[in-house]
Amino acid sequence: MRWPAGVDGLCFGGDYNPEQWSPEVWREDVALMRQAGVNLVTVGVFSWSSLEPEPGRYEFGWLDEVLDLLHDNGIKVNLATPTASPPPWFSLAHPEALPVSSDGVRLTHGSRDTYCVCAPAYRKAAAGIATVLADRYAGHPALAMWHVHNEYGSYCYCDLAASAFRRWLQERYGELERLNAAWTTAFWSQGYSAWEQIQPPRKTQYLANPTHALDYRRFLSDELLAAYCEQRDILNERTPFVPVTTNFVFAPWAPVDHARWAEEVDLVALDHYPETADIGAEEQTAFCADLARGWAGGGPWLLMEQASSVLNEGGRMHTKEPGRMARLSLSHIARGSRGAMFFQWRASRGGSEMYHAAMVPHAGPDSRIFREVAELGALLPAIAEIDEGRPDADVAILWDAESWWALQAPILPSPRLDYLAAVRAMHRQFWRAGVGVDFVAPGTDLSRYRLVVVPSLYLTSDASADSLGEYVESGGHALVTYFSGIVDENVQVRLGGYPGAFTSLLGLRVDEFYPLADGEAVGLTGGGEGTIWSESVHLAGAEAITTYAEGPLAGMPAITRHPYGNGQAWYASTQLTDDAFAPLIAQALHEAGQPLPNHPAGVELIRRTSDTTQWLIAINHTNHPADLPANGLDLLTGKPIHTTLTLTPGTTAIIRTPHP
Ligand code: GLA
C-alpha cells in the first residue's frame, strides 16, 4: 500500500467538480473545506471536455487555479484522469469507439462511459490525456495521488472487442481443440474450426454457452485492467513517488475481478452505496468494508465514495437519519478504511445527478448535512491511531468473483441461486454476533483462521478445493454450504456425485437436487427452516446434525459434520433461516475453539489489535441503550471507561485498551 503523499491521518473529503462552478464558488468551497476538516479532494474525474474542448486544444488555466487554491489552503489533491467520459468530439471522430450492447445496438454519446475499452482510438486518447496531465502537474505540490478513470466496468460487444477477445482466447487455450473441449461445444453443434468464428456472447436465439459467457467476463476484466495499467505506467514514469489507484465499484454487480485488480493498484479504493434503507444498509456497509480489506490483503484501503445524506432504495432516496452518516463512515474506518470520502463535495445544480447527496447540499452550508459533515471531519483526527491495529478476524469467508459470474448463468437448476445473497447472509450472521471476518480468495493460505466458511462456491478449481482440504486436514474447521464445488473452471460438472470438489472433505455425496419454490420453506429437525434449495444427502463418513423434517427429503441429512484429518467440515445443504443459522454458527465456532463474544443484539463490534494496544469499536444501531464490558479510554469522548460501557442509541465508542 502507498499512501497519498502529504496527507496525515485519515483522509476526509470527496469528489470535487469545480468545472461546474464559478471561481467565486471555488473560494467559498475551500473556506468550507477547511471548516469541515477536508484534507483530500478528488478533482477532474469528468473534466475531459473542460480540459480539452477540441482535439489537441487544452484549457488548463482553471485547473491550475483550482490546484493552487487547494494547495494554498492545505488541501491535497487526488487528481483524476478523465477517461471515463470522453468528450462528444472524440465520439464523433471515432464512432467505432462507441460501445455496442450485447443485442447489437451502438450506443450514442450523451451520458458517460460511452467508449469501448478495446477500441485503439480510445486507448490512444486515454493514454494521451493521462500523459498531458502527468506532464503538466507532475511537480504540483497539491498532487497526492492519481485517480485513474472512474469505476472501470463498461462492457462492449463490438467487432473490435471480438478481435481482442479472440486474442485473449488464443493466449488462454493455445489450441482451438482445447477451447472446444473447455466450452463443451459438442453440445448444440457449436464446435469452432477457426478462431474468427468466435464472437462475443451477443444476444442469441436461446440459452447461451455458460463457459463462453464466463470467459468473456474474464476477458473484459483483464482488458479493462490492461487499460488501467497503461495509464498507471504513464503516471508512474512521470511521478514515481505519487501513488496511483482507481475506484472500485461494488454493487449487486461486480464488473471486474477486484481481487486480481488489487495487485495492480497502490491503494484499494472502494465506492459504496448501500441499496436499502433499513438495517441492511449497516450490514452491507460491514460486508463491503470487509471485502475491500480482503482485496487489500488484510491491510488498509480507502472508502473513496459514499453518499452523505441519502440511501438509494430502488430509486427512492431515503434521507439518512441524524448521526447515521457518521456511524456508517466509522464502520468503514473501523474495518480498515483509512478515511471517509464522498461523492460529491457540492451538489450539482443540473445534470444527471443533480439530486445526488453531497457534503454541501443545495441548501448550502446552513444545513444539517453540512453540520454533520463538519462534525465527522472534526472527530477523525482523534481516532486515526486505530490504523495501527489490524481488525481481528478468526473467521474467513471465501469470496470469488468468477464463481459469482458462473452462478449468473441462465442455465441453473433454480433462478433463486444467488451467490451475493448467500455470502451476504453468511456474513450477516457473524456481523450480528460481533465476530470479525476476513474475506479471502480461494487458494489463499488459511492457516491463521479458526473457521473457514464457503458459501455457495459453485465454481471451484482443484487447487482451491485442495487448499481447503489441506487446511481442514491439519486441524482447521470449515463450513461449506449448498451448491459449492459443483463445477470446475470450465463450468463443467464434477462427476460422481455433488458437491464434486468437496465430497471427501465433507464425507457425503448428493445425488439429486430438490430446489424449493418461491416462498417455499422446508422444516428442519431442531428448529428453523431451509429455503431456496434442498438436496438428497447420503452420508459417507459424516454424521447428520439436523435432518429435513418434512417433504420428500424427510429424515435425510440437512446439516452434517465430518471429522477430517485433525479438523472437521460442516455442510449445510439448504439456505438456513436465521433461527437455524445462528446456532450452527455458534456451534461451529465453539468447536473451533472460538466461543461467541458477549454481545448485545444490535451493537456492531470490531476489535483491532496492535502489538501493544487493542481498540474496541462499538456502534449501537438500536434505539435503546446497550451495555457491554469494556475498560480504557473512549477516543471519541475523551472519557475513561471502567468495567462497563453504556452506549446510548445511535452512538459509537472507540475504546483504547493496553494489549494484555
Ligand atoms: C459512482 C460514481 C460517481 C457517481 C456516484 C453516484 O460512485 O463514481 O461518479 O455517479 O456513483 O452514486
Side-chain angles (χ1 to χ4, degrees), residues 11 13-21 40-50 78-87 110-115 117 126 145-155 224 227-228 231 245-256 258 261 265 267-277 281 284-285 288-289 291-292 295 301-320 324-325 328-329 332 337 339-362 369 373:
C11 293
D15 275 33
Y16 181 38
N17 297 307
E19 64 271 35
Q20 296 173 22
W21 302 98
L40 181 70
V41 287
T42 304
V43 179
V45 178
F46 295 110
S47 299
W48 199 338
S49 68
S50 303
N78 178 26
L79 188 57
T81 64
T83 52
S85 201
S111 180
R112 65 179 185 190
D113 293 292
T114 37
Y115 63 86
V117 76
M145 182 155 71
W146 288 107
H147 177 295
V148 173
H149 200 89
N150 190 64
E151 296 187 337
Y152 274 103
S154 303
Y155 281 13
L224 288 159
Y228 163 79
Q231 289 196 44
T245 192
T246 184
N247 49 340
F248 290 177
V249 53
F250 184 86
W253 150 78
V256 300
H258 295 112
W261 277 58
V265 297
L267 171 67
V268 167
L270 177 75
D271 297 349
H272 185 238
Y273 299 92
E275 299 132 33
T276 177
Q284 288 179 17
T285 295
C288 271
L291 255 185
W295 294 326
W301 55 279
L302 179 61
L303 174 66
M304 189 65 91
E305 288 183 28
Q306 62 172 332
S308 62
S309 58
V310 296
L311 293 161
N312 187 336
E313 189 178 56
R316 176 188 76 90
M317 292 187 188
H318 170 90
T319 300
K320 285 184 187 170
R324 198 169 184 192
M325 181 264 289
L328 291 168
S329 301
H332 277 294
S337 174
M341 307 273 291
F342 295 82
F343 178 86
Q344 60 179 331
W345 164 253
R346 187 183 276 278
S348 304
R349 298 188 71 169
S352 311
E353 293 185 335
M354 60 204 268
Y355 295 113
H356 196 285
M359 300 167 83
V360 181
H362 289 145
I369 296 168
V373 163

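No hydrogens, no waters, no symmetry mates; every other heavy atom, side chains included, goes into these values. Remember, it's 1-based here, ligands and their atoms both numbered in the order they're listed.
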R349 CZ: over 12 foreign heavy atoms closer than 6.0 Å:
no

Counting from 1, what ligand 1 atoms have a heavy atom of N150 closer than 4.0 Å?
2 (C), 8 (O), 9 (O)

Element-labelled atoms of ligand 1 that are located less than 4.0 Å from some non-hydrogen atom of F46
9 (O)

Atom 10 (O) of ligand 1: which protein heavy atom is closest, and how many Å away?
E353 OE2, 2.6 Å

Please find out if less than 6.0 Å separates the ring center of Y115 from that of H149.
yes

Check: T245 side chain, L267 main-chain N or O, donor-acceptor pair, under 3.5 Å
yes

Close-contact set for ligand 1 against E151 heavy atoms, below 4.0 Å:
1 (C), 2 (C), 7 (O), 8 (O)

For Y16 against P18, the heavy-atom pair lying closest together:
O-CD, 3.1 Å

Using a strict 4.0 Å cut-off to heavy atoms of D271, name the atoms of ligand 1 that fall inside it.
7 (O), 8 (O)

Option of least heavy-atom distance to atom 3 (C) of ligand 1 (set: Q306, H149, H272, E305)
E305

Given that the side chain starts at C-beta and the backbone is N, CA, C, O, which of these parts of R112 lies under 4.0 Å from ligand 1, counting heavy atoms, or is it both or neither?
side chain

What verdict does the side-chain contact (heavy atoms from CB on, under 4.5 Å) test give for S309 and M325, after you've listed the backbone C-alpha separation in whole Å, the side-chain angles of each residue and the deciding distance to 0.1 Å?
CA-CA 7 Å; S309 58; M325 181 264 289; over 6 Å; no

When you measure from the side chain of H362 to the backbone of S348, do you find a donor-acceptor pair of N or O atoms at a distance under 3.5 Å?
yes

Shortest non-hydrogen separation from A281 to T285 and the atoms involved:
O-OG1, 2.7 Å

Where does Q344 meet ligand 1, judged by heavy-atom distances below 4.0 Å: at the side chain, the backbone, both, or neither?
neither

Give me the residue, atom name and distance of the protein heavy atom closest to atom 5 (C) of ligand 1.
Y273 OH, 3.5 Å

Closest protein heavy atom to atom 6 (C) of ligand 1, given as residue, atom name and distance to 0.1 Å
H356 NE2, 3.1 Å

